[in-house]
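Notes follow once the structure below has been shown.
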Amino acid sequence: MNAHERALSRLLDERNQRPERLAEIDARIRKRFAKKQAVMVLDMCGFSRLSLRYGVIHFLAMIRRMHHLVRPVVEAKGRVVKTDADNMLALFGDVPAAVKAAEQIVTVLADANRALPEDWDVHVGIGIGHGELLVVGGSDMFGEELNLAAKLGEDVAAAGEILLTEAASARIGPRRRQFQRRRVTLGRLKLICYGKPATGTAPAGSPTGR
């Protein structure tokens with residue numbers, strides 16, 4: 001646990017122990033950790049199918065390839081906060097930079113995939129949100145828009161698809177018309193999102209299920 005994580009843990013412990021001071025402690029947490037930024041959650045498609053067919057080592061190697069291809073694109077406009085298995089979480093100053101990075105990621109992966117057999121191809125779904133996040137040093141973050149972006153990137157987006165939360169879509173200006181409004185239901189959660197259709201990342205009919 002680094003210094004930032006320890007500081008947040010202490011404040012949360014204090015919050016649990018002193019419920020009469022919730023507003024004060026929450027304000028201290030926000031002052032130290034809160035930032036309003038765009039967040040991207042990228043998730044690789046096809047884990048179950050490829051792991052069952054080729055074994056987990058094959059998919060781990062694909063994750064490494066994805067990191068090598070995607071990280072430079074992200075870091076040109078934002079920063080990678082963490083990677084978790086086949087997910088990558090990143091922060092950007094605002095939504096246009098995040099969308100531009102997402103579009104470049106889709107292009108970079110499509111170009112790389114052309115030289116590989118289909119089952120070696122890397123496909124990702126991407127969710128983008130915007131709002132107040134608790135950014136804990138350079139290693140972790142928390143927030144409602146992160147949760148929504150994760151739902152979109154992991155559970156909704158098809159291979160090569162970029163999905164924006166309502167809050168994120170409100171910050172892309174005239175480009176918003178390029179993104180189609182969609183209603184999404186995940187269990188009891190009902191969402192409105194804005195999607196840019198997948199372009200050229202997977203052959204028609206290829207099994208890129210989540």
Side-chain angles (χ1 to χ4, degrees), residues 1-44 47 67 70-71 74-75 77-102 124-157 162-173 176 179 181-195 210:
M1 186 180 291
N2 61 40
H4 299 284
E5 292 169 335
R6 288 194 295 272
L8 179 58
S9 294
R10 285 195 296 269
L11 286 166
L12 293 175
D13 287 343
E14 184 177 352
R15 190 184 194 276
N16 288 333
Q17 295 159 8
R18 304 296 299 273
E20 74 280 6
R21 295 173 54 199
L22 294 185
E24 173 204 335
I25 297 168
D26 286 358
R28 288 163 58 193
I29 291 173
R30 286 194 172 92
K31 182 177 180 180
R32 178 155 187 176
F33 298 104
K35 295 181 180 180
K36 186 166 284 191
Q37 289 191 284
V39 58
M40 172 194 290
V41 178
L42 176 151
D43 180 60
M44 282 179 64
F47 175 82
H67 288 173
V70 169
R71 185 179 285 270
V74 170
E75 293 182 342
K77 294 177 173 62
R79 67 183 178 95
V80 175
V81 175
K82 65 187 294 187
T83 59
D84 182 14
D86 62 337
N87 293 106
M88 180 177 286
L89 283 67
L91 285 176
F92 298 84
D94 209 340
V95 174
V99 170
K100 185 65 175 177
V124 299
I126 298 173
I128 295 174
H130 181 274
E132 183 181 273
L133 302 165
L134 300 182
V135 182
V136 186
S139 60
D140 214 344
M141 56 183 167
F142 307 91
E144 181 180 349
E145 283 292 301
L146 168 61
N147 295 339
L148 293 177
K151 288 288 186 184
L152 295 179
E154 296 173 6
D155 299 331
V156 182
I162 301 166
L163 298 179
L164 277 61
T165 67
E166 283 194 281
S169 74
R171 298 190 65 84
I172 56 174
R176 184 171 180 172
F179 290 77
R181 189 175 187 269
R182 292 170 52 181
R183 293 182 181 272
V184 176
T185 301
L186 297 170
R188 296 183 179 180
L189 181 64
K190 296 182 185 298
L191 300 176
I192 299 294
C193 67
Y194 290 78
R210 314 199 69 79

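Quick caveat, the model's predicted, so the values are computed rather than measured.
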For Arg79 against Val74, the heavy-atom pair lying closest together: C-CG1, 4.0 Å

Stepwise side chain to side chain contact (heavy atoms under 4.5 Å, CB included) check, Arg171 with Arg176: CA-CA 8 Å; Arg171 298 190 65 84; Arg176 184 171 180 172; over 6 Å; no

Lys/Arg-Asp/Glu bridge criterion (N-O < 4.0 Å) met for Arg10, Glu14: no

Contact summary for Ala38 and Ala98, nearest pair of heavy atoms: CB-CB, 4.2 Å

Pairwise side-chain contact, Val184 with Lys151, heavy-atom cut-off 4.5 Å (strictly under): no

Whether over 12 other heavy atoms sit under 6.0 Å from Glu132 CD: yes

Shortest non-hydrogen contact from Asp140 toward Val81: N-CG1, 3.6 Å

Donor-acceptor contact present, side-chain Asn2 to main-chain His4, <3.5 Å: yes

Spacing of Thr165 atom OG1 and Ile192 atom CD1 [to the nearest 0.5 Å]: 11.5 Å

Distance, nearest 0.5 Å, that separates CG of Asn16 from CG of Leu11: 11.0 Å

Interatomic spacing from CZ in Phe142 to CG in Asn147 - rounded to 0.5 Å: 10.0 Å

Close side-chain approach of Arg21 and Arg28, heavy atoms under 4.5 Å: yes

Atom pair CE (Met44) and NE2 (His67), whose distance is rounded to the nearest 0.5 Å: 8.5 Å

Contact summary for Val99 and Phe179, nearest pair of heavy atoms: CG1-CZ, 3.9 Å

Criterion side chain to side chain contact (heavy atoms under 4.5 Å, CB included) against Lys35, the qualifying member of Leu134, Leu91, Val135: Val135

Close side-chain approach of Tyr194 and Ile172, heavy atoms under 4.5 Å: no

Side-chain heavy atoms of Val70 within contact of Val124, under 4.5 Å: no

Min side-chain heavy-atom separation Leu152-Leu148 under 4.5 Å: no

Rounded distance (nearest 0.5 Å) linking atom CG of Asp43 with atom CG of Asn87: 4.5 Å

Salt bridge (charged side-chain N to carboxylate O under 4.0 Å, His left out) assessment of Glu24 paired with Arg18: CA-CA 10 Å; Glu24 173 204 335; Arg18 304 296 299 273; over 6 Å; no

Inter-residue atom distance Met40.CE - Phe92.CZ, 0.5 Å rounding: 4.0 Å

Contact summary for Thr83 and Arg71, nearest pair of heavy atoms: CG2-NH2, 3.9 Å

Over all atoms of both residues, closest heavy-atom pair of Met141 and Leu146: O-CD2, 3.3 Å

